[in-house]
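What follows is a short report on a single structure.
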Amino acid sequence: MLAEIAAATLVCLDPGHGTAPEIGRQFEPIGPGSSRLKIKDPGGASGEAPVALAIARRTRALLLARGYRVAMTRDGTGYRGGNRERARFCNARGAALMVRIHADGSSDPGVHGISTLVPALRRGWTDDMYGASRRAGRLLQRELVATTGARDLGVVERSDLTGFNWADVPVVLVETGFMSNRREAALLRSAAYQQKVAGALARGAQRFLMR
Ligand SMILES: [Zn+2]
């Protein structure tokens, strides 16, 4: 019975950035009906895109092994959509959870740690999945911090993320560490740490989906 439920459940993974440059510099509305435009892909922190993809691939393998179905918005470089497209991709597949995988950057090289971003409440945009996204965010953040021992920067609500505002399914964005911090960047580039992060994401997703 549980295996049947798991088999029907789709997790959508969205490794950040990695967009074709001519697409990435285009603009798109930050939410349905909004006149506020935001760039599709500013490029991310230095080295972020390949780290995000590597973690996503490892997470996919772990979720598939647990019997879930997995879709990925990109599985290479040269992605040809914006964040609206990434959300629509997961919406169209009826994902039970969308996990956006990123790493952070700061002008202060001393800043480090993991945070999980979740949609802020906005009627008509996120009210259909606000509560579920918050619950998923708390579960993933707890697993990430417990597994990696990274500094806990908490769960943070965001109203300005295009990929949240267009989503109709529960969605979180994990900032898995700072590429601008020498120690954390080295960890994020290592296979062992990527696997730890992926394990935390798979366990957190499963905790969210089992309830
Ligand atoms: Zn990013």
Side-chain angles (χ1 to χ4, degrees), residues 12-28 30-31 36-60 72-90 97-109 111-120 133 136-137 140-141 144-145 148 150-167 171-190 193-194 197-198 200-201 204-205:
C12 196
L13 301 177
D14 176 30
H17 311 291
T19 313
E22 70 273 22
I23 304 288
R25 58 175 166 259
Q26 295 173 354
F27 285 74
E28 61 187 345
I30 69 155
R36 190 174 153 203
L37 302 178
K38 201 169 165 184
I39 194 163
K40 285 185 177 175
D41 185 357
S46 176
E48 177 185 353
V51 162
L53 181 57
I55 292 170
R57 285 174 171 160
R58 291 174 184 277
T59 307
R60 174 175 60 188
M72 275 175 44
T73 55
R74 73 175 179 97
D75 193 10
T77 53
Y79 180 68
R80 300 200 63 81
N83 286 307
R84 174 174 56 181
E85 189 62 33
R86 292 174 192 249
R88 283 177 167 168
F89 174 92
C90 299
L97 178 64
M98 176 180 182
V99 181
R100 308 178 61 196
I101 300 170
H102 285 248
D104 233 329
S106 170
S107 55
D108 179 352
V111 175
H112 62 92
I114 294 179
S115 62
T116 298
L117 313 184
V118 297
S133 299
L140 265 66
Q141 176 69 11
L144 284 165
V145 170
T148 62
R151 186 172 180 201
D152 185 358
L153 301 178
V155 175
V156 182
E157 287 193 6
R158 292 285 291 267
S159 62
D160 61 322
L161 298 187
T162 308
F164 282 175
N165 294 330
W166 286 95
V171 58
V172 302
L173 187 156
V174 291
E175 295 280 13
T176 55
F178 279 79
M179 300 304 295
S180 46
N181 178 265
R182 191 194 292 208
R183 183 176 167 276
E184 213 159 50
L187 285 171
L188 285 165
R189 288 193 177 95
S190 74
Y193 196 80
Q194 289 172 1
V197 171
L201 295 178

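Side chains are part of it too, since the values below use all heavy atoms of this structure and drop only hydrogens, waters and symmetry mates. Numbering of ligands and ligand atoms starts at 1, following listing order.
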note = Taken in chain and number order and not counting sequence neighbours, the residues that satisfy side-chain hydrogen bond (donor to acceptor under 3.5 Å, both in side chains) with N165 are none
message = Once salt bridge (Lys or Arg N to Asp or Glu O under 4.0 Å) is applied, what residue pairs with a partner in residues 17-26 remain, sequence neighbours excluded?
response = E22-R80
note = In short, salt bridge (Lys or Arg N to Asp or Glu O under 4.0 Å) pairs touching residues 46-58 with sequence neighbours left out are R57-D75
4.5 Å side-chain heavy-atom contact, F164 and R100 = yes
ask   = What's within reach of the Zn ion (ligand 1), meaning protein N/O/S atoms under 2.8 Å?
value = H17 NE2, E48 OE2, H102 ND1
task = Decide yes or no on side-chain hydrogen bond (donor to acceptor under 3.5 Å, both in side chains) for T162 and N83, but give the supporting numbers first.
result = CA-CA 6 Å; T162 308; N83 286 307; 5.2 Å; no
request  = Could you tell me whether the side chain of T77 and the main chain of G18 form a donor-acceptor pair under 3.5 Å?
outcome  = no
